[in-house]
**Q** 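Sending over a structure as structure tokens; questions will come in a sec.
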2 protein chains.
Amino acid sequence: MHVLVVEDDAEVSQFIQKGLTSEGIGVSAAYDGVIGRSMINEHQYDVVVLDVNMPGMNGYDLCRFVKQNWPAIPVIMLTALGSLENKVMGFESGADDYLAKPFAFKELVFRLKALARRHPARAPLPQRLELLDLVVDTSSHQVWRADERVTLTAREYALLEYLLLRQGKVVSRAELLENVWDVHFNTNTNVVDVYVNYLRRKIDRVEPKLIHTIFGVGFILKAEP
Amino acid sequence: MHVLVVEDDAEVSQFIQKGLTSEGIGVSAAYDGVIGRSMINEHQYDVVVLDVNMPGMNGYDLCRFVKQNWPAIPVIMLTALGSLENKVMGFESGADDYLAKPFAFKELVFRLKALARRHPARAPLPQRLELLDLVVDTSSHQVWRADERVTLTAREYALLEYLLLRQGKVVSRAELLENVWDVHFNTNTNVVDVYVNYLRRKIDRVEPKLIHTIFGVGFILKAEP
DNA sequence: TATCTTTCTCAGAGGTTTCTAATAAGTTGG
DNA sequence: CCAACTTATTAGAAACCTCTGAGAAAGATA
């Protein structure tokens with residue numbers, strides 16, 4: 001699940017980001033409404049979390065925009081003002097749910113998961129991904145290879161999960177940058193190669209090798225050579 | 001978990017009852033508001049599910065009654081009318097959540113569980129919590145590690161008890177802040193880390209270590225490394 | 001009131017992760 | 001086989017997260 005958080009207060013935004021990340025939920029952030037809007041146009045999020053009070057474009061307007069252009073994406077509104085008018089405004093602008101600050105963090109997580117389930121923008125992740133003797137538990141982020149527990153960092157895990165989801169298909173570096181690193185423009189980085197190397201060290205020391213390089217194209221995860 | 005369903009339409013009520021029962025949730029039913037009220041007075045429910053339109057005493061009034069007399073019991077409102085006025089009325093009368101008919105049954109279950117978790121009907125604590133040679137007596141708040149008595153402050157004890165209750169599971173800082181400190185939206189404190197450190201000094205000087213840090217996620221209490 | 005305990009913040013030390021950059025190794029087409 | 005290009009590997013810088021000691025503030029005790 002991947003969530004966009006549109007919130008101008010950097011502290012609040014980071015609090016939400018950290019919290020969701022540690023719950024295993026992917027997060028992108030926009031710090032004002034206009035940027036939020038262009039991010040929504042360019043990527044597919046499962047849920048959008050919107051602060052009401054923002055410079056540029058306020059939460060209600062952005063919510064209306066989402067509902068007009070991407071009606072399938074559910075929206076949760078956040079506001080510091082717990083008054084009735086705000087709730088009404090929130091519903092009027094089409095928000096699917098509403099949370100008044102300060103809120104219990106757990107509540108945000110529950111509501112996010114509930115919305116994502118109700119409006120399944122993408123197929124839900126299987127609880128368990130496998131390829132031969134490589135096993136990944138997507139809920140706890142635990143990984144085994146040949147019956148041995150392997151510990152991965154967050155980035156390594158994200159990369160492996162993505163490769164597993166597209167196992168048997170060639171995946172380009174640009175695709176990995178987009179989906180694992182959230183980098184959408186062409187930078188001159190070899191970070192993908194570095195992390196593929198890390199992954200190989202951790203899960204591909206034994207035979208048969210699962211990660212294969214396709215020269216000039218990208219990588220592929222599969223059992224046969 | 002035990003739920004009271006107040007709904008005058010027998011068919012709808014039975015549908016809900018059957019469904020919840022098969023989810024392992026205990027259900028009692030009242031077929032009008034007045035009877036519902038007396039049942040609430042006489043028993044302790046974890047959540048009350050209220051239909052808006054009922055003879056005798058309508059849902060809003062009953063909801064107001066619950067919130068005045070039993071503010072700890074969460075309320076979910078049901079209505080056939082999905083209009084804005086109804087939502088506003090629902091929130092005004094103090095409902096914790098709101099579901100418009102027709103609703104997906106799963107959605108009701110999900111919201112029920114979310115509410116029950118948010119307002120935990122104190123499930124009786126086991127008298128004794130243990131992990132290896134760590135022993136906690138929950139009635140006297142006494143703690144032993146490796147047969148040695150350890151004295152903890154109130155906060156240290158609360159933290160340890162929570163970790164023990166969730167032993168084997170990763171617990172995030174946000175979760176600890178919410179459940180041990182009752183802080184729901186503090187963005188910038190390291191008090192959890194400080195207390196984990198205190199706890200480690202008092203109960204984790206000996207091998208094997210029981211408190212483990214999961215980098216970027218939180219902590220876990222377990223025997224293996 | 002004086003003293004001790006508990007709770008919490010702050011700041012800096014210490015670790016881990018992430019990423020860049022440089023070099024080594026491998027692949028391809030002529 | 002060689003030159004040009006792609007990929008692999010490594011080291012270390014930078015960013016970020018966690019731990020820890022010191023002390024302020026609030027509360028308890030006597």
Side-chain angles (χ1 to χ4, degrees), chain A residues 10-11 13-15 17-23 26-27 29 141 143 150-160 162-163 170-178 180-183 185-205 209-221 225, chain B residues 141 143 150-160 162-163 170-174 176-178 180-183 185-205 209-221 225:
Chain A
E11 230 175 311
S13 179
Q14 280 188 4
F15 170 71
Q17 286 178 60
K18 273 188 207 162
L20 292 183
T21 304
S22 71
E23 293 282 332
V27 187
H141 289 197
V143 176
V150 178
T151 51
L152 301 181
T153 68
R155 192 69 87 192
E156 289 163 357
Y157 174 83
L159 172 60
L160 176 59
Y162 191 82
L163 288 173
V170 181
V171 181
S172 71
R173 289 175 177 75
E175 184 178 347
L176 290 170
L177 277 177
E178 287 238 339
V180 178
W181 275 263
D182 238 319
V183 168
F185 36 91
N186 197 352
T187 58
N188 231 30
T189 174
N190 71 335
V191 69
V192 173
D193 298 73
V194 172
Y195 270 80
V196 167
N197 185 34
Y198 291 163
L199 256 194
R200 280 178 165 148
R201 279 197 214 166
K202 290 193 177 178
I203 66 153
D204 239 3
R205 306 200 89 122
K209 304 291 185 235
L210 301 177
I211 303 174
H212 308 273
T213 305
I214 309 297
F215 194 95
V217 186
F219 302 96
I220 184 172
L221 195 70
Chain B
H141 288 200
V143 176
V150 178
T151 51
L152 301 182
T153 69
R155 193 66 90 188
E156 289 163 357
Y157 175 82
L159 172 60
L160 177 59
Y162 191 82
L163 288 173
V170 180
V171 183
S172 72
R173 289 174 176 76
L176 290 168
L177 278 176
E178 293 203 350
V180 178
W181 276 263
D182 242 312
V183 167
F185 206 77
N186 197 332
T187 52
N188 206 16
T189 174
N190 74 334
V191 69
V192 172
D193 299 71
V194 171
Y195 270 79
V196 166
N197 185 31
Y198 292 163
L199 258 193
R200 279 178 165 149
R201 280 195 215 165
K202 290 192 177 179
I203 66 152
D204 238 3
R205 306 200 88 122
K209 304 289 185 237
L210 301 177
I211 303 174
H212 307 272
T213 304
I214 309 295
F215 196 98
V217 184
F219 301 95
I220 183 172
L221 195 70

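Every chain is numbered from 1 and lettered A, B, ... according to where its sequence line falls, protein lines coming before strand lines. Please read these numbers as outputs of a predicted model, since none were measured by experiment.
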**Q** For DNA chain C, whose closest nucleotide is more 5', that of A/Asn188 or that of B/Val191?
**A**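 Nearest nucleotide further toward 5': that of B/Val191.
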**Q** Send over the distance from B/Leu176 CG to C/dC8 P, rounded to a whole Å.
**A**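 Distance, rounded to whole Å: 13 Å.
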**Q** Base, sugar-phosphate, or nothing for A/Ile211, non-hydrogen atoms under 4.0 angstrom?
**A**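 The residue A/Ile211 makes no contact with any strand.
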**Q** Under 3.5 Å, sequence neighbours excluded: what are the donor-acceptor pairs made by side chains of residues 209-220 of chain B?
**A**
{"from": "B/Lys209", "atom 1": "NZ", "to": "B/Asp204", "atom 2": "O", "distance (Å)": "3.2"}
{"from": "B/Lys209", "atom 1": "NZ", "to": "B/Arg205", "atom 2": "O", "distance (Å)": "3.4"}
{"from": "B/Lys209", "atom 1": "NZ", "to": "B/Glu207", "atom 2": "OE2", "distance (Å)": "3.1"}
{"from": "B/His212", "atom 1": "NE2", "to": "B/Lys209", "atom 2": "O", "distance (Å)": "3.2"}
{"from": "B/His212", "atom 1": "NE2", "to": "B/Lys222", "atom 2": "O", "distance (Å)": "3.2"}
{"from": "B/His212", "atom 1": "NE2", "to": "B/Glu224", "atom 2": "O", "distance (Å)": "3.2"}
{"from": "B/Thr213", "atom 1": "OG1", "to": "B/Arg200", "atom 2": "NH2", "distance (Å)": "2.7"}

**Q** Can you identify which nucleotide, out of C/dA22, C/dT7, C/dT18, has its nearest atom closest to the A/Asn190 side chain?
**A**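 Minimum distance to the A/Asn190 side chain belongs to C/dA22.
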**Q** Please state how far atom CD1 in A/Ile214 lies from atom P in D/dA8, giving the value in whole angstrom units.
**A**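 Going from CD1 in A/Ile214 over to P in D/dA8 covers 11 Å.
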**Q** Heavy atoms under 4.0 Å, any strand shown: does A/Val217 hit a base, just sugar-phosphate, or nothing?
**A**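 The residue A/Val217 makes sugar-phosphate contact but no base contact.
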**Q** Can you find a side chain N or O atom of A/Trp181 that sits less than 4.0 Å from OP1 or OP2 on C/dC19?
**A**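 A/Trp181 to C/dC19 OP1/OP2: side-chain N or O found under 4.0 Å.
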**Q** If you check the A/Arg173 side chain, which of C/dT7, D/dA8, C/dT9 turns out closest?
**A**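 Nearest nucleotide to the side chain: D/dA8.
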**Q** Taking all atoms of both residues into account, what is the closest heavy-atom pair of B/Val180 and B/Leu159, and its distance?
**A**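 So the two residues come closest at CG1-N, 3.8 Å.
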**Q** Please tell me if B/Arg201 has a side-chain N or O lying less than 4.0 Å from either OP1 or OP2 of D/dG21.
**A**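 Yes, within the criterion.
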**Q** Output all residues satisfying side chain to side chain contact (heavy atoms under 4.5 Å, CB included) with A/Glu178, sequence neighbours left out; order by chain, then residue number.
**A**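 Once residues adjacent in sequence are excluded, the partners of A/Glu178 under the side chain to side chain contact (heavy atoms under 4.5 Å, CB included) criterion are A/His184.
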**Q** Please state how far atom OH in B/Tyr195 lies from atom P in C/dT9, giving the value in whole angstrom units.
**A**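 Rounded to the whole Å, the gap is 10 Å.
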**Q** Using 0.5 Å steps for rounding, measure from the CG atom of B/Leu177 to the CZ atom of A/Phe15.
**A**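 So the gap between those two atoms works out to 7.5 Å.
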**Q** Is A/Thr213 close enough to D/dA8 that one of its side-chain N or O atoms is under 4.0 Å from OP1 or OP2 there?
**A**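 Yes, within the criterion.
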**Q** Between A/Ala154 and B/Glu156, which has a closest nucleotide on DNA chain C that is more 5'?
**A**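 With A/Ala154 and B/Glu156 compared, the 5'-side residue is B/Glu156.
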**Q** Expressed in angstrom and rounded to an integer, what is the separation of A/Asp204 atom CG from D/dA8 atom C1'?
**A**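 To the nearest whole Å, that distance equals 14 Å.
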**Q** For a quick test of reading the model: is some side-chain N or O of B/Asn197 closer than 4.0 Å to OP1 or OP2 of D/dT20?
**A**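 Checking D/dT20 against B/Asn197, a side-chain N or O does come within under 4.0 Å of OP1 or OP2.
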**Q** How long is the gap from CG on A/Leu199 to CG on A/Leu221, to the nearest 0.5 Å?
**A**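 Rounded to the nearest 0.5 Å, the CG-CG separation comes out at 9.0 Å.
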**Q** B/Leu199 CG to C/dT6 P: how many Å, rounded?
**A**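 It is 14 Å, rounded to the nearest whole Å.
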**Q** Could you state the atom-to-atom distance from CD of A/Gln14 to C1' of D/dC17 in whole Å?
**A**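 My rounded result for the distance is 13 Å.
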**Q** Can you tell me how far P of C/dT17 sits from OH of A/Tyr157, to the nearest Å?
**A**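 Interatomic distance, OH of A/Tyr157 to P of C/dT17: 17 Å.
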**Q** Does the side chain of A/Gln17 come under 3.5 Å of the side chain of A/Thr21 through a donor N or O and an acceptor N or O?
**A**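 A/Thr21 and A/Gln17 do not have a side-chain donor-acceptor pair below 3.5 Å.
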**Q** Taking five pairs at each end of the helix from C/dT1-D/dA30 to C/dG30-D/dC1, what angle separates the two helix axes (nearest 10°)?
**A**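 For the helix from C/dT1-D/dA30 to C/dG30-D/dC1, the axes at either end differ by 20°.
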**Q** When rounded to the nearest 0.5 angstrom, what distance separates CD1 in B/Ile203 from CG in B/Leu160?
**A**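 That separation rounds to 5.0 Å.
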**Q** Just by protein heavy atoms under 4.0 Å, how would nucleotides 23-30 of chain C read 5' to 3' in B, S and -?
**A** ---BSS--
**Q** Please identify each residue that fulfils ring-ring contact (aromatic ring centres under 6.0 Å, His included) with B/Tyr198, with sequence neighbours left out.
**A**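 B/Tyr198 satisfies ring-ring contact (aromatic ring centres under 6.0 Å, His included) with B/Tyr195 once adjacent residues are dropped.
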**Q** A/Arg205 CZ to D/dA8 P: how many Å, rounded?
**A**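 For the pair A/Arg205 CZ and D/dA8 P, the rounded distance is 16 Å.
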**Q** Do nucleotides 22-30 of chain D as a string where each nucleotide becomes B, S or -: B if the base has a protein heavy atom under 4.0 Å, S if just the sugar-phosphate does, - if no protein is that close.
**A** ---------
**Q** Hey, could you give me the NE2/OG1 distance between A/His141 and A/Thr153, rounded to the nearest 0.5 Å?
**A**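 One finds 12.0 Å between NE2 of A/His141 and OG1 of A/Thr153.
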**Q** May I ask you to verify if any side-chain N or O of A/Thr153 is less than 4.0 angstrom from the OP1 or OP2 atom of C/dT18?
**A**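 Yes, A/Thr153 has a side-chain N/O under 4.0 Å of OP1/OP2 on C/dT18.
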**Q** Measure the shortest side-chain to side-chain distance between B/Val194 and B/Thr189 over non-hydrogen atoms and say whether it is less than 4.5 angstrom.
**A**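 Contact flag for B/Val194/B/Thr189 side chains = no.
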**Q** Heavy-atom distance under 4.5 Å between the side chains of A/Asp193 and A/Arg173, does that happen here?
**A**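 A side-chain contact under 4.5 Å exists here.
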